[in-house]
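In the text below, chain A, chain B and the rest are named by the order of the sequence lines, each starting its count at 1.
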There are 2 protein chains.
Amino acid sequence: MLTPRTGGTRRSAKREAVLDAAQAVFLEMGYAAASMDSVAARAGVSKATVYAHFDSKDQLFAAVIRRRCDKSEAFVLADRTLDARAALTLIGRRLMDLLLSPEALAMYRVVVSESLRQPELAQAFYDSGPGAGKAQIAAIIAELIRRGELAAVDPRRASDQFVGMLRTDYFMRTLLGLTQPEGSRVDDVIDDAVETMLRAWGTASSPPR
Amino acid sequence: MLTPRTGGTRRSAKREAVLDAAQAVFLEMGYAAASMDSVAARAGVSKATVYAHFDSKDQLFAAVIRRRCDKSEAFVLADRTLDARAALTLIGRRLMDLLLSPEALAMYRVVVSESLRQPELAQAFYDSGPGAGKAQIAAIIAELIRRGELAAVDPRRASDQFVGMLRTDYFMRTLLGLTQPEGSRVDDVIDDAVETMLRAWGTASSPPR
DNA sequence: GAAAAACTAAACCATGCGGTTCAGTTTTTA
DNA sequence: TAAAAACTGAACCGCATGGTTTAGTTTTTC
């Protein structure tokens with residue numbers, strides 16, 4: 001019979017294959033342009049199997065997005081001895097690597113375009129992506145302030161501004177497919193953002209330049 | 001007969017109606033989900049007329065985007081006597097009003113999602129939108145530097161960072177439909193960005209705080 | 001006022017879509 | 001090893017799509 005709907009934890013290998021294929025197809029084609037036939041074909045699975053695991057295209061899409069969101073990584077700095085410049089530079093590096101990855105860019109494109117049609121997905125994406133990142137970076141900045149490495153600012157505000165200075169024109173051009181990520185340019189963006197942060201909020205123990 | 005293809009300048013009223021309707025439908029539904037039938041219906045026009053003016057869905061979409069791009073507005077400050085704080089605040093206000101307008105948000109969503117499929121449109125959007133804005137703001141910043149209101153920075157870099165600090169978390173949440181633009185929050189974002197800019201790059205004649 | 005151009009409504013076409021069904025085969029399980 | 005569950009491939013459904021055509025009506029143009 002069909003309809004496995006295996007009791008919660010079970011999840012077959014086919015199911016994962018369908019999710020993998022669906023992720024590839026949705027991120028590549030966009031939600032509306034993606035077809036269930038192409039998902040099945042890409043998964044090397046019959047369409048009946050796809051519908052055995054997922055009730056509808058919407059639900060499959062939601063499952064794909066939620067699975068990605070659950071994999072959100074942590075920025076937590078292992079090394080708490082870093083000074084402000086080193087800490088911010090490291091955060092910047094990690095964030096830029098993440099933001100500029102082809103998969104994250106594709107995810108951003110499709111979630112943004114479907115956000116009004118699927119508000120719960122937009123919320124889930126925000127919470128596990130930008131929202132979580134902001135909170136983590138704010139925590140690190142708060143620690144830097146506590147250690148006297150940065151002047152007293154609202155850490156969440158500083159986090160917003162720092163991330164904003166990373167996600168600039170260069171990010172937009174990459175998002176639009178107008179340029180390929182290039183290491184040296186990325187480093188410049190990071191260094192510039194760190195310098196401005198330190199000029200604005202640095203202390204004697206974390207001088208700019 | 002059909003196929004007006006009126007010689008360049010002519011452009012009938014029906015053509016404008018089709019473009020208006022197409023803009024509404026594309027920005028509202030996204031490219032793939034929008035149908036030519038709904039465009040015709042919304043324009044109060046027969047489908048044959050739509051195809052008399054535009055060869056295909058792609059071309060109609062392109063015409064819509066290009067028309068919007070051509071309407072890009074200028075940020076040029078009329079008043080050259082403003083100090084750095086006032087000038088940056090005014091720029092911020094205008095930029096935020098533009099970025100957070102429902103139409104600009106919808107445009108951003110659809111262009112971003114179609115950027116890989118329609119690279120020329122992505123380029124046109126960038127050039128007339130973010131690219132033009134960056135150039136204009138950089139010119140104003142250059143003027144402020146010349147007048148000794150700001151320290152010597154690369155004006156384009158400062159422009160990127162300033163815009164980045166405006167397009168933060170708040171913009172993302174609005175883009176995703178998670179919040180409605182609220183005046184006081186917007187003002188806070190602008191004031192915070194201006195303050196950080198002045199702390200980092202202000203001079204004696206443009207003190208922060 | 002008449003020819004030319006723009007437009008209309010509706011039927012039409014082929015295609016592809018999301019989703020279902022079915023008869024039969026493979027895999028899992030105990 | 002046999003029953004139960006998962007899976008296959010292909011046919012199928014109804015419908016909407018992008019795009020065309022036709023036959024006739026309105027508007028523009030000079």
- [ ] Assess whether atom CD of B/E120 is packed by more than 12 heavy atoms of other residues, nucleotides or ligands within 6.0 Å.
- [x] yes
Task: Contact under 4.0 Å: A/H53 side-chain N or O vs D/dC7 OP1/OP2 - done: yes
- [ ] Could you tell me whether A/R68 and A/E103 make a salt bridge, using a distance below 4.0 angstrom between a side-chain N and a carboxylate O?
- [x] yes
Task: Donor-acceptor contact below 3.5 Å, side chain B/R85 vs main chain B/V194 - done: no
- [ ] Among residues two or more places apart or on two chains, list those pairs meeting salt bridge (Lys or Arg N to Asp or Glu O under 4.0 Å) that have a residue in residues 161-176 of chain A.
- [x] A/D169-B/K134
- [ ] Establish, for the pair B/K57 and B/Y51, whether the NZ or CZ atom is under 6.0 angstrom from the six-membered ring centre and no further than 45 degrees off its axis.
- [x] no
Open item on the list: Looking at B/Q23 and B/V64, would you say the former's side chain and the latter's main chain have a donor-acceptor pair under 3.5 Å?
Closed with: no
- [ ] Describe, as an angle rounded to 10 degrees, how the axis at the first end of the helix from C/dG1-D/dC30 to C/dA30-D/dT1 is tilted relative to the axis at the last end, five pairs per end.
- [x] 40°
TODO: Can you tell me which residue pairs pass the ring pair (Phe, Tyr, Trp, His ring centres under 6.0 Å) test with a partner in residues 175-195 of chain A, sequence neighbours excluded?
DONE: none
- [ ] Apply ring pair (Phe, Tyr, Trp, His ring centres under 6.0 Å) to B/Y170 and list each qualifying residue two or more places apart in sequence or on a separate chain.
- [x] none
Open item on the list: With the threshold set at under 4.0 Å for non-hydrogen atoms, list the residues of residues 112-120 of chain A touching DNA chain D in residue-number order.
Closed with: none
Open item on the list: When you measure from the side-chain N and O atoms of A/T49 to the phosphate of D/dT8, is any distance below 4.0 Å, counting only OP1 and OP2?
Closed with: yes
Task: Note: B/R42-B/E28 ion pair, threshold 4.0 Å (strictly below) - done: yes
Open item on the list: Generate the contact string for nucleotides 11-20 of chain C. Rules: B means base contact, S means sugar-phosphate contact only, - means no protein heavy atom under 4.0 Å.
Closed with: ------SBBB
- [ ] Could you tell me how the ring of A/Y108 sits relative to the ring of A/F125: parallel (under 30°), tilted (30 to 60°) or perpendicular (over 60°)?
- [x] tilted
